[in-house]
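Heads up, the thing below is written out as C-alpha cells.
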Protein chains: 2
Amino acid sequence: MRYSHMRDEGRPETMPTLERVSSRSGFDVSRLPVAACMRFARNTEIFGEDDRAEYLYTVRTGAVRGYKLLSDGRRQIEAFYLSGDVFGITAGDRHHCSAEAVVNSSILLVKRSTVEALAARDPQLARSLWISAAERLEQAQEHLLLLGRKNAHERLAAFLLDMAARCGATRNPIELPMSRQDIADYLGLTIETVSRMLTDMANTAMIELPSSRRVLLRDAAALSRVNC
Amino acid sequence: MRYSHMRDEGRPETMPTLERVSSRSGFDVSRLPVAACMRFARNTEIFGEDDRAEYLYTVRTGAVRGYKLLSDGRRQIEAFYLSGDVFGITAGDRHHCSAEAVVNSSILLVKRSTVEALAARDPQLARSLWISAAERLEQAQEHLLLLGRKNAHERLAAFLLDMAARCGATRNPIELPMSRQDIADYLGLTIETVSRMLTDMANTAMIELPSSRRVLLRDAAALSRVNC
DNA sequence: CGGGGCATTGAGACCCGTCAACGGGCGTGG
DNA sequence: CCACGCCCGTTGACGGGTCTCAATGCCCCG
C-alpha cells in the first residue's frame, strides 16, 4: 500500500500560535512550574522523526497522532493522543516518531531539560515520568497483540471499545476525530477494509453509524466478544 | 491460527534455583546494592500475566520471551530479551504480559520496592529507570511498524538484522536461541511462512542456513534493502 | 531402530489488499 | 440559488499474500 500522495494537509485553519500559560493546568506527569501552550491546526506537524526532543507534550484539547513512515510512504500510527495524554517520550535526545494534530488542538509543552532538572530533585516527579513511560509501553504492547494476531473484525472492535472508554464512556455516540485513513493506519489495515468492517458491524446491529465520524455502540457486549 | 496445544513445555532440564549474588554484576538499570540471581530452565515461566510485579529482571545469560495470549491460544511475542536486557517493566503493581525462558537462562532479579525506594533518593537511578522504559517503548514502536505495515519478507529481514546486531555483529553465523514458532509469534506470522521466507532468502543467496538455528548473513546490504 | 520434537514443503482456501467506480457532504463561485 | 469540484467514505470485482491442512524429512536421544 502506497499513499504518500494522500498525505494531504487538508486546509489548515490557523498556523501554530504560542500562548503563555501560568501552567499547573493539569499536566498529567505532575504539577509543573512552567509550561507553554500552543495551538496546532488540523494536520500540522508537532514534531518530526529525528527532530531534537526538546519538549514533553500533553494534549489539552484536540487529538494527536504519533506515527512512523517507511521510505515508500507506508504509515503506521502508533497511538492517538487525546485530552490529558502525554506524548513525545523518548530515551535519547531525538524523537523516534512524528506527531501531527488530527484536529485543531491545544497542546501543553514543557522543556525536557526543565523536567529532567526538576526530576533530579523531585522523586515524585521522577516517578511519574517513569510511570507515564511505562503506561505508554503497556499500551504499545496491547497494540502489538492487535497488529500481530487479530483479524480485521477484532481490530475494529478493539478500536471502538478503546475509543469509547477514552472519549468518555458516558457519551454515546462516540465522536471520532480521525479519518478512515488514520484508523486504517492505526490498525494496520486499509480504508476499504475499515469501511467494510464498520458496515458489517452496522448490519449485524453491533453499532450504528449516524454519520461517518459518529459511532453508536449498540451492543458493546457483542463487540467485546468479537475482541476475544 | 490456534495452537494452544503446542504450548508444550519441552523438557525442562532443571527447576529454577535461587542463588544469592553479591550483585553489582552489571545490572543495566544501574549498579544496585542487592540482587538475586535465578536460573530458569528452557520454557519455564518467569512471571505470568497479572502476577504481582515484585521484581525487575535483567538477563545475565540466555534468552527470554515476553508475550501475551488471546483466549483462543493465539500468542504475540512482544520482545526477546537477551543478555543485558531489562524486562518486567510495568506502571502498575501487576505484570501485563508473561515471560518465559527461551533457553536455560540466568536472570538477575531486584525487588521493585527496593529499586523504587532507592530511586526516590538517587536521581541517577530514577533517570536510568525512565530511560530503560523509554528504550523499551521505542523498541515496541519499531515493532508496531513491522507488524502493521511490513510483509513477510521484510519482517524476516528486519528480524535477522536485529538479531545480528544484538547477538554480536561480529560472530557470524547468528545462533538463534528461539524456535520457528517463537519467531513466527514475534513477527505475527506462521511457522510455515517463516520457513518459506528463510528458504527463499537462502535460494537468493541473501543468507545461508547451516542448520535451522544458525543463520549466516551472506548479503546484509540486500537484507537492509528488503527491510525498506 | 524407533519415537518425538522441530522444520520444511506442497496444495488449496481465504482474508484482506488493490483497483476502480460511485456517492454524499460541503464550501465556493457563477 | 444551484452547479460544480473536492474530499472523504462506501461498495464491488478481482487477485495475491499468507494461512490452513497435511505429508514428509531431519536430528537428537532413548
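Every chain is numbered from 1, with letters handed out A, B, ... down the list of sequences.
A donor-acceptor pair is defined here as one N or O able to donate and one able to accept, closer than 3.5 Å; no such pair exists between the side chain of A:Glu100 and the backbone of A:Gly66. Listed for the B:Ser83 side chain is a donor-acceptor partner under 3.5 Å among the backbone atoms of B:Arg60. The backbone N or O of B:Gln76 sits nowhere less than 3.5 Å from a side-chain atom of B:Asp185 that would complete a donor-acceptor pair.
Residue A:Thr199 places no side-chain N or O under 4.0 Å from the OP1 or OP2 atom of D:dT10.
Mapping A:Thr193 and B:Ser179 onto DNA chain C by nearest heavy atom places B:Ser179 closer to the 5' end of the strand.
Aromatic ring pairs are classed by plane angle as parallel below 30°, tilted from 30° to 60° and perpendicular above 60°; the pair B:Phe80 and B:Tyr186 is tilted.
When the P atom of D:dG17 is taken as reference, atom CZ of B:Arg149 falls 17 Å away, rounded to whole Å. For the pair B:Arg180 CZ and D:dC26 P, the interatomic distance rounds to 15 Å; values are reported in whole Å. In this structure, B:Ile191 atom CD1 and D:dC19 atom P are separated by 11 Å, rounded to whole Å. Following rounding to the nearest Å, B:Leu198 (CG) and C:dC6 (P) show an atom-to-atom distance of 17 Å. Taking atom CE of residue B:Met197 and atom P of nucleotide C:dA7, one finds them 17 Å apart after rounding to whole Å. We find that CZ of B:Arg74 is positioned 14 Å from C1' of D:dT20, with the value rounded to whole Å. Note: NZ (A:Lys150) to P (C:dC16) measures 14 Å, nearest angstrom. As rounded to whole Å, 16 Å separates atom P of D:dC7 from atom CG of A:Asp182.
A donor N or O paired with an acceptor N or O is found under 3.5 Å between the base of D:dC21 and the side-chain atoms of B:Glu192. Side-chain N/O atoms of B:Arg196 and base N/O atoms of C:dG10 include a donor-acceptor pair closer than 3.5 Å.
Centroid-to-centroid, the aromatic rings of A:Phe47 and A:Tyr57 come within less than 6.0 Å.
For A:Arg218, the CZ atom counts as loosely surrounded, since its 6.0 Å shell holds 12 or fewer non-hydrogen atoms of other residues, nucleotides or ligands.
DNA chain D is contacted by A:Ser212, A:Arg213 of residues 208-216 of chain A, taking any non-hydrogen atom closer than 4.0 Å.
Ion pairing of A:Asp85 with A:Arg136 is absent here, as no side-chain N (NZ or NE/NH1/NH2) approaches a carboxylate O to less than 4.0 Å. With respect to the salt-bridge test (charged N to carboxylate O, under 4.0 angstrom), the residues B:Glu54 and B:Lys111 qualify.
Base pairing in DNA chain D yields stems of at least 3 consecutive Watson-Crick or G-U pairs, both distances under 3.5 Å, namely C:1-30 with D:1-30.
B:Leu147 approaches B:Arg155 most closely through the heavy-atom pair O-NH2, 3.0 Å.
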